[in-house]
Amino acid sequence: MVVRSCWKSRHKNSRGAVYRCGCRWVLVLVLVGHFCGPGGLGLPSNVVQKQAEFDTIYSDTVSSENQTIYAFNHTVSRNKTEGVRVSVDALTPGSESPILFVVRQKQAVLSFQVPLILRGLYQRKYPYNHVGRTLCQPLTRAASETQFFFVDVSTLSSQGTNYQLRVSRVDSFTLQTDRRFSFTASPSQPQYFKYIFPDGVDTVIVKVNSDMTFPCSVMSIQDIQCPVYDLDNNVAFTGMYQTMTKKGAVTVQRKDFPSSSFYVVVVVKTEDEACGGPLRFYPLRPDELIDAGNRTKVLDVVVSPAINSRVYVMGMLFCLGIFLSFYLLTLLVACMEKRRMNRKRTLSQIPVDMSPAETGKIPGSPCEYGSFADNGSTLSSEAITDSATSTDNNYGYMGQEPFKRRPLFGHLHHTTICTDRSLDSIGRSRQESLSSVEEDDYDTLDDIDSDKNIVRTKKFLCVSDLARKDKRILSKKYQIYFWNIATIAVFYALPVIQLVITYQTVVNVTGNQDICFYNFLCAHPLGALSAFNNILSNLGYVMLGLLFLFIVLMKDIVHNRALVRNDLNALECGIPKHFGLFYAMGTALMMEGLLSACYHVCPNYTNFQFDTSFMYMIAGLCMLKLYQKRHPDINASAYTAYACLAVVIFFSVLGVVFGKGNMVFWIVFSVIHILATLLLSTQLYYMGRWKLDSGVLRRIGNVIYTDCIRQCSGPMYIDRMVLLVMGNIVNWSLAAYGLIERPNDFASYLLAIAICNLLLYFAFYIIMKLRSGERIQCLPLVCILFTAVVWGFALYFFFQGLSTWQKTPAESREHNRDCILLSFFDDHDIWHFLSSIAMFGSFLVLLTLDDDLDTVQRDKIFVF
């Protein structure tokens, strides 16, 4: 009845207070209802109240003319909770009006209709004639009391509608710790159970499992209150909830529930779209009712105590201990190296008049490299001179006639001895280098370009040919890598941290655990963080990145001191030392740890690029560093390198947003990938001495006609051609794979491209280093073997796949697994440990790989 209030005054009579309204029909309607009785207003004229009992089936008929009230009573104890369940069946199909059931309790009212109409996607309607609901059990302060509740049955249908009613007690309504309980649920028959925290337990993990993938269901944790939200359309109104197929797990803390107890609610959804199931057909008419079919699901629930604070402390100490041990190991190696250098310096100070027989060792020289014999026998000065002359005469670049190629891992090492005459020539060459026009940053004269063409297009190049620019200018050029990545890190990390804090806040406030893709079976909360263990395990990236920066800093200091005292080895021997890229690599490793930790605050498909962005940078910086070793003058500038990496990250974002199943995107990306590979190959093959302009097609045609048609001549730079052909095969294959398979995880696909190219170039570098007569010292060799083994184990744990945002949250939980290390870390945490160690080892390999050349003149070190 609608009442429109027009005046504030009231007219009182024997019937009570009645509002005076301008609409007199309202008052007339009330009077008619008074004189004509309830039946005149469409209300039941016959109300029957029955005293009912538990576990008894009541079959009856209801219509608009009658109403039945069933009265029940039961004893409620403070120390024991018993569940009460109301089950109803509608026996008359196709009734024009549903039956309304209202359960009136002491502190709550529960109402529902039969058939129960539940709505799915696109407002599709599913009727259920069998309904079962559990009554909420409010807390009682008395030790024991008798409570009454009533079940009112009514309908507006003029025809009689048959129904069955049964009220029963729920066995095992209160869950026991570590005791599994099985039950059955459906969309119209949700189930919930109560759990009380035992003494001494502050955190528990609730696990719900099923052997059936579908129908899709929802698991919810709610406080002890009335009403309990246990239907598909209201289960998300309160508490924590998550969708599930076969597995569901929620970690619950006592501090979140003032009563030290909670409800575990399980609801079966009307449709399976939320769990990745197939879409059902769209109804032809808006009011069409769809048969839901059999959507009964058998599940079991078990509540187990979670880890205590002692396990948290052990996990943190273990994590710190692992990475602090690398600091101690580094300190030990540094002390041993210093001791070895002091011994070497002491031996070099032996008086000259002592014979080799007295010293047991030939006199050292400033640029001594390698050894002459395997047995360590001493040689006379004439033999040294002859051997040096022989070496100089026969030691050329590969392909030259005088070059004597040594077998891989051979026994004899080439040696260059710097005599007084060679020292003078070194000094003169150094002065010529310092006055070279190549040192000028502004290469604007035509003769400079001509000089570059002459030098860089020689068939055989040495490092001295590509290390002609002033060292101070190059050092500043490569220091820009570090400052740029530090700036990028600050501007990238701050909004990322803000965003993930917002994500975590939304999860905590809404209780929607479908937002983040955790391994819920091993997600240990701490404070506001839902998975502290996944964040803690990223500490290794930060600590080992910082350690690598310290190591690079020490080598930088030692090198600068050598330059200050005009050490010829530092000035004219070995690979030119530029540490800017190493500083950038260490910073990138630290940022990878920070951003990976941010990603694992709430991992999902919208922030996965946080975890991969600096992986692209690390791969790119490593390739640039490998190339810089032999090409210091022509390596890419920091601005160009970071611009290219920005393009890669841009495509990563596009792939995550548009790449899933989008054929147009994959065609465009594959074409760009192939074209970029060709352009980079041309740049590397011609050492940058080519131009991309309007005449490039004409020049390509001339080369093809001259070298392939007019005369069949092989490539001028065979080694470079082998590398670039292999690189193009790999990249074209990856492009074809992406175009055919169109993987959902585009970010990982892009990272795989970067890693494959890095591994290919690194393998090429090692092979060419050994073919050129160089050797790998003990420390880098140990680092290579150790890093390879660690990478193997790391990739094994990475591919375990404990969760995946490529699927729905419910499907992702099917991959969840228990902790495997200290009851605190899972497989992905071990991946974090091992991958951080492997990256640190890879950086050490790049740092020490060419230490064997520190006493070799640069005109004897080959470019490849």
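As the structure is a prediction and not an experimental result, all values here were calculated from the model.
With sequence neighbours excluded, no residue satisfies side chain to side chain donor-acceptor pair (under 3.5 Å) with Tyr478. In this structure, the side chain to side chain donor-acceptor pair (under 3.5 Å) partners of Tyr503, at least two apart in sequence or on a different chain, are Thr606. Legend: residues meeting disulfide (SG to SG under 2.5 Å) with Cys319, ordered by chain and number and at least two apart, are absent. Shown here are the salt bridge (Lys or Arg N to Asp or Glu O under 4.0 Å) partners of Asp272, two or more places apart in sequence or in another chain: Arg295. In terms of the salt bridge (Lys or Arg N to Asp or Glu O under 4.0 Å) criterion, residue partners of Arg813 (sequence neighbours excluded) are, by chain and number, Asp514. Under the disulfide (SG to SG under 2.5 Å) criterion, Cys783 pairs with no residue at all, not counting sequence neighbours. Applying the disulfide (SG to SG under 2.5 Å) test to Cys275 and every residue at least two apart in sequence or in another chain returns Cys216. Residues that satisfy the side chain to side chain donor-acceptor pair (under 3.5 Å) test with Ser835, not counting sequence neighbours, are Tyr541.
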side-chain hydrogen bond (donor to acceptor under 3.5 Å, both in side chains) between Gln628 and Lys625, worked out: CA-CA 5 Å; Gln628 183 210 49; Lys625 186 59 193 179; 2.4 Å; yes

Chi angles and distances behind the salt bridge (charged side-chain N to carboxylate O under 4.0 Å, His left out) call for Glu814, Lys807: CA-CA 10 Å; Glu814 294 182 10; Lys807 300 179 181 179; over 6 Å; no

Verdict with supporting geometry, Ser803 and His815, side chain to side chain contact (heavy atoms under 4.5 Å, CB included): CA-CA 6 Å; Ser803 61; His815 304 281; 5.8 Å; no

Chi angles and distances behind the side-chain hydrogen bond (donor to acceptor under 3.5 Å, both in side chains) call for Ser530, Gln504: CA-CA 8 Å; Ser530 299; Gln504 185 67 74; 2.9 Å; yes

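Classified by interplanar angle (parallel below 30°, tilted 30° to 60°, perpendicular above 60°), the ring pair Tyr627/His631 is parallel. Ring geometry, His600 versus His828: the interplanar angle falls from 30° to 60°, so the pair is classed tilted. The aromatic rings of Trp831 and Phe798 sit tilted relative to each other, their planes meeting at an angle between 30° and 60°. Ring orientation note: the planes of Phe669 and Trp666 are nearly perpendicular, at an angle over 60° on the 30°/60° scale. Aromatic ring pairs are classed by plane angle as parallel below 30°, tilted from 30° to 60° and perpendicular above 60°; the pair Phe843 and Phe548 is tilted.
Asn607 places no side-chain N or O within donor-acceptor distance of the main-chain N or O of Pro603, the cut-off being under 3.5 Å. For the pair Ser812 (side chain) and Thr804 (backbone), a donor-acceptor distance under 3.5 Å is present. A donor-acceptor pair is defined here as one N or O able to donate and one able to accept, closer than 3.5 Å; such a pair exists between the side chain of Lys477 and the backbone of Asn635. Of the possible donor and acceptor atoms, one in the side chain of Gln800 sits under 3.5 Å from a partner among the backbone N and O of Tyr796. Judged by distance alone, with hydrogens and angles left aside, the side-chain atoms of Asn519 form a donor-acceptor pair with the main-chain N or O of Arg817 at under 3.5 Å. Looking at Asn508, its side chain does come within 3.5 Å of a backbone N or O of Ala528 through a donor-acceptor pair. Listed for the Ser652 side chain is no donor-acceptor partner under 3.5 Å among the backbone atoms of Val648.
By the 4.5 Å heavy-atom criterion applied to side chains, Leu846 and Phe582 are counted as neighbours. Taking 4.5 Å as the limit, some side-chain heavy atom of Ser842 sits within range of a side-chain heavy atom of Trp791. At a threshold of 4.5 Å between non-hydrogen side-chain atoms, the residues Val463 and Pro576 count as touching. In this structure the side chain of Asn816 never reaches within 4.5 angstrom of the side chain of Tyr518, judged on heavy atoms. Residues Val863 and Asp465 have side chains not in contact (no heavy-atom distance under 4.5 Å, counting atoms from C-beta outward). No side-chain heavy atom of Met839 sits less than 4.5 Å from a side-chain heavy atom of Leu544. Contact check for Ile480 versus Tyr639: side-chain heavy atoms found under the 4.5 Å cut-off. Using a 4.5 Å heavy-atom cutoff, the side chains of Tyr583 and Leu549 are in contact.
Listed by first and then second residue, the salt bridge (charged side-chain N to carboxylate O under 4.0 Å, His left out) pairs involving residues 825-839 amount to none (not counting sequence neighbours). Applying the salt bridge (charged side-chain N to carboxylate O under 4.0 Å, His left out) test to every pair with at least one member in residues 591-619, sequence neighbours left out, gives no pairs at all. Applying the salt bridge (charged side-chain N to carboxylate O under 4.0 Å, His left out) rule to pairs touching residues 577-586 yields Lys577-Asp854, sequence neighbours excluded. Sorted by first and then second residue, the disulfide bond (SG atoms under 2.5 Å apart) pairs with a member in residues 476-519 read Cys516-Cys602; sequence neighbours excluded.
With rounding to the nearest 0.5 Å, the separation of CH2 in Trp732 from CG in Leu739 is 13.5 Å. Atom CG in Leu759 sits 9.5 Å away from atom CE in Met623 (nearest 0.5 Å). Here the CG atom belonging to Asn757 is positioned 8.5 Å from the CG atom belonging to Leu680, to the nearest 0.5 angstrom. The structure places CE of Met591 at 9.0 Å from CE of Met617, a figure rounded to the nearest 0.5 Å. Taking CG from Leu624 and CG from Leu581, the interatomic distance works out to 6.0 Å, rounded to the nearest 0.5 Å. Atoms CD1 and OG1, from Ile618 and Thr612 in turn, are 11.0 Å apart once rounded to the nearest 0.5 Å.
More than 12 heavy atoms of other residues, nucleotides or ligands shown are found within 6.0 angstrom of CH2 on Trp805. Residue Phe665 qualifies as enclosed at atom CZ: its count of foreign heavy atoms under 6.0 Å is above 12. Within a 6.0 Å radius of OH in Tyr492, more than 12 heavy atoms belonging to other residues, nucleotides or ligands are found.
Aromatic rings of Phe797 and Phe833 (six-membered ring for Trp) have centroids beyond the 6.0 Å cut-off, not under it.
If you run side chain to side chain contact (heavy atoms under 4.5 Å, CB included) between Phe651 and each of Val647, Ile649, Val653, only Val647 comes through.
The minimum heavy-atom distance linking Leu521 with Ala249 is given by the pair CD2-CB, 3.5 Å. The shortest heavy-atom contact between His673 and Ala735 is ND1-CB, 3.6 Å. Between Gly248 and Gln242, the shortest heavy-atom distance links the atoms CA-OE1, 3.4 Å. Looking at every heavy atom in both residues, Cys622 comes nearest to Met585 through SG-CE, 4.0 Å. In this structure, Ala584 and Tyr642 approach most closely via the heavy-atom pair CB-OH, 4.0 Å. Asn538 approaches Gly593 most closely through the heavy-atom pair CB-O, 3.5 Å.
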